[in-house]
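Shown next, in structure tokens, is the structure this report addresses.
Below, chains carry the letters A, B, ... as their sequence lines are ordered, and counting in each starts from 1.
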Protein chains: 2
Amino acid sequence: MSIATVSLVVNGKADGRVSPGQQEVVRRAVADLGYRVDSRARELVTGQRSTVALLLPELSSPFFGYLAMGVSSVLGGGYDLVLAIAERRGGGAPDQLDRLVGARVGGVICHAPPDAALRGLGTLAAAVVLLDEPGTAWAGPSVLFDLGGGADSLAAHLLDLGHRHIAYLTPEPDSPTFSLRRAAVLRHFAAGSGGSAIELRAGNDFDAAAAAIRAVAAVGRLNGRSAIVCGTDDQAYGVLLALAELNIAVPDEISVCAFNDLPHSRVVRPALTSVALPARRLGSCGAELLLEVSAAERAGRRWTSHPSVVPTALAVRASTGAAPRRS
Amino acid sequence: MSIATVSLVVNGKADGRVSPGQQEVVRRAVADLGYRVDSRARELVTGQRSTVALLLPELSSPFFGYLAMGVSSVLGGGYDLVLAIAERRGGGAPDQLDRLVGARVGGVICHAPPDAALRGLGTLAAAVVLLDEPGTAWAGPSVLFDLGGGADSLAAHLLDLGHRHIAYLTPEPDSPTFSLRRAAVLRHFAAGSGGSAIELRAGNDFDAAAAAIRAVAAVGRLNGRSAIVCGTDDQAYGVLLALAELNIAVPDEISVCAFNDLPHSRVVRPALTSVALPARRLGSCGAELLLEVSAAERAGRRWTSHPSVVPTALAVRASTGAAPRRS
DNA sequence: CTGAAAGCGCTAACAT
DNA sequence: ATGTTAGCGCTTTCAG
């Protein structure tokens with residue numbers, strides 16, 4: 001039993017080339033010794049790549065958890081998924097990228113890359129797909145949310161309820177997905193159409209959002225606003241917190257809504273009206289796209305196409321109601 | 001400039017062995033070509049392992065997100081983190097493990113492994129640390145929450161408020177961490193001490209928990225219970241949902257509390273009293289432990305010690321209040 | 001100080 | 001049907 005024979009058997013290429021007897025012998029030995037092929041050595045000689053990297057800014061929001069599960073589920077048992085969390089403060093993104101090229105990953109799926117990383121991605125010599133990164137210079141494969149559609153539904157809902165004057169709270173640091181959400185909502189409340197909007201900024205977490213609202217309320221800038229629209233659910237939760245403290249009734253005095261529709265939006269009080277952004281599908285579409293792209297690249301074709309877009313839907317709940325009559 | 005010289009330079013072992021001139025030449029070439037060492041080939045020859053696997057049951061709860069971030073932050077740039085999600089239904093755990101041994105991972109950090117996986121872990125020939133898996137047959141390195149302490153605080157809080165008759169909702173499928181939480185709470189409400197408890201089971205998500213409560217309330221089994229304790233925050237959110245539907249006031253008619261203290265527990269209404277289980281620390285301690293263990297193994301020593309335990313703390317909020325006078 | 005050579009664990013083409 | 005050989009991209013002796 002030579003070393004090459006073993007290779008043939010474990011790779012299922014032993015069809016007419018190894019006698020059934022030998023095959024059994026090999027199989028038993030493999031089982032007894034608990035032998036597994038060293039995938040690194042295998043890839044070294046075959047040149048195939050069986051690991052894909054998922055590059056995320058963080059993982060504390062369930063949004064990214066769902067996204068990762070979506071990716072994982074389509075990659076399944078066929079690939080190793082390496083997780084790179086590019087926590088902004090660390091600035092460790094370049095490091096992470098270096099590791100990935102060193103590991104010869106077969107592909108990268110990337111959400112909200114720090115700008116430095118975005119440039120580095122080009123160098124990667126691997127298939128790259130970008131997620132939820134609309135309207136950047138990126139010409140490569142990507143999958144987007146239908147944010148425009150979602151924003152339109154949300155605005156229509158608000159307009160229906162009589163809201164004309166809103167505040168828009170947007171996460172900072174800004175990013176393309178956030179600025180698109182903002183622009184797509186705000187254009188429905190442009191001054192010309194009899195509406196108006198003020199813009200607020202705060203970090204993308206409960207406390208920062210709550211603090212921003214408290215500060216704005218303290219100087220009376222919320223007066224005359226009948227709705228607050230937030231870039232993310234997490235911000236909206238903070239807004240709800242602050243409004244409760246301030247004894248401002250939602251939605252009777254002011255309506256609140258946002259983008260994401262995390263599961264928790266059903267259970268906060270009042271339950272949050274939100275544009276559902278199906279993260280899991282974003283991840284699974286991204287992974288499927290990556291697989292296609294890298295297959296195409298391996299076949300020598302360059303892959304070109306418009307971004308895939310995953311649909312969004314407005315979930316209407318108790319946090320939005322009719323605008324109060326202006327006093 | 002030979003191939004070996006390059007190796008010396010890029011590995012910083014060129015001290016007195018390569019002339020400064022050559023070093024510069026090499027460095028420039030490396031920069032120009034964008035060359036990175038192939039870490040797979042390197043590890044093939046050196047025998048070192050620079051990737052660790054994180055094995056999780058799912059990622060949709062922020063709990064696991066924080067855990068993963070904790071792991072990632074201590075592993076930092078030094079290791080690749082491969083993520084294996086062993087979604088229970090898939091039963092894909094054995095597959096996942098096979099991949100990991102094939103990839104020759106240097107270590108595995110594991111939370112709530114399916115039983116099949118747990119057995120397989122022994123075979124792994126890599127350092128393994130278990131997280132939040134108390135009192136199993138596992139004798140190896142692990143890090144635990146101080147669940148006993150947390151349960152005691154929670155029970156004391158409830159007892160203080162006059163609660164004697166509770167319902168305990170526990171996630172299913174059961175697991176060691178869940179059964180320990182349950183046992184540690186329930187012993188404070190044993191029949192002998194003038195208390196009583198009924199046990200409820202439901203899947204670990206909002207809807208399953210809500211359905212369980214509705215079902216139990218429908219047959220009047222909640223009568224006489226002044227508090228519901230849940231194994232996880234997610235269950236408690238479902239309970240809150242169901243109770244609101246049923247027009248049962250929390251905490252005036254019935255108190256609700258749980259384990260985990262996810263960030264969202266501050267924003268549900270009423271805000272949830274919960275035992276804080278710092279997931280991020282669990283992850284970072286786990287990663288540190290793994291690093292120690294594998295260093296020890298490499299040095300030939302076997303690593304033995306008691307499990308590390310990360311402290312817990314009770315966060316008291318509005319969902320628990322004085323037990324109503326029994327009618 | 002530098003380069004040639006061996007070999008890590010594998011696969012694929014080539015002999016036997 | 002089986003075994004032998006040549007490398008995949010590296011690191012590490014060991015001669016020059």
* Go through D:dT12, C:dC14, C:dT11 for me and flag the one nearest to the A:Ser7 side chain. => C:dT11
* Asked: For DNA chain D, which residues in residues 38-50 of chain A have a heavy atom at a distance below 4.0 Å?
  -> A:Leu44, A:Val45
* **Nucleotide nearest A:Ala4 (side chain, heavy atoms from C-beta), chosen from C:dT2, D:dT2, D:dT4** => D:dT4
* Structure fact -> Closest of C:dT2, D:dT2, D:dC10 to the B:Gln22 side chain is C:dT2
* What's the closest nucleotide to the A:Asn11 side chain, out of C:dA12, D:dT11, C:dT11? -> C:dT11
* Asked: With no hydrogens and no angle check, do the side chains of A:Thr232 and A:Asn204 hold a donor and an acceptor under 3.5 Å apart?
  -> yes
Check residues 5-18 of chain A and write down every donor-acceptor pair under 3.5 Å in which the side-chain atom is one partner and the other belongs to a residue at least two apart or another chain.
unit_1	atom_1	unit_2	atom_2	d
A:Thr5	OG1	A:Ser2	OG	3.2
A:Asn11	OD1	A:Arg42	NH1	3.0
A:Asn11	ND2	A:Ser7	O	3.4

* Which whole-number value in Å describes the distance from A:Arg17 CZ to C:dT16 P? -> 17 Å
* To do: Would you tell me whether B:Glu43 and B:Ser50 have side-chain atoms, one donor and one acceptor, within less than 3.5 Å of each other?
  => yes
* Measure from the side chain of B:Lys13, starting at C-beta and using heavy atoms only, and say which of C:dT11, C:dT2, D:dT12 lies closest. => D:dT12
* To do: Provide, to the nearest angstrom, the distance between the CG atom belonging to B:Leu8 and the C1' atom belonging to C:dT2.
  => 9 Å
* Asked: If you look at every strand shown and take non-hydrogen atoms under 4.0 Å, does A:Ser2 touch a base, only sugar-phosphate, or nothing?
  -> base
* Any idea which heavy atoms bring A:Pro57 and A:Ile85 closest together, and the distance? -> O-CG2, 3.8 Å
* Structure fact -> Atom CD1 of B:Ile3 and atom C1' of D:dC8 are separated, to the nearest Å, by 11 Å
* N or O in side chain of A:Thr5 less than 4.0 angstrom from D:dG3 OP1/OP2 -> yes
* Structure fact -> Rounded to the nearest 0.5 angstrom, the CZ-CG distance for B:Phe145 and B:Leu131 is 7.5 Å
* How far apart are the closest heavy atoms of A:Leu289 and A:Pro141, and which atoms are they? -> CD2-CB, 3.9 Å
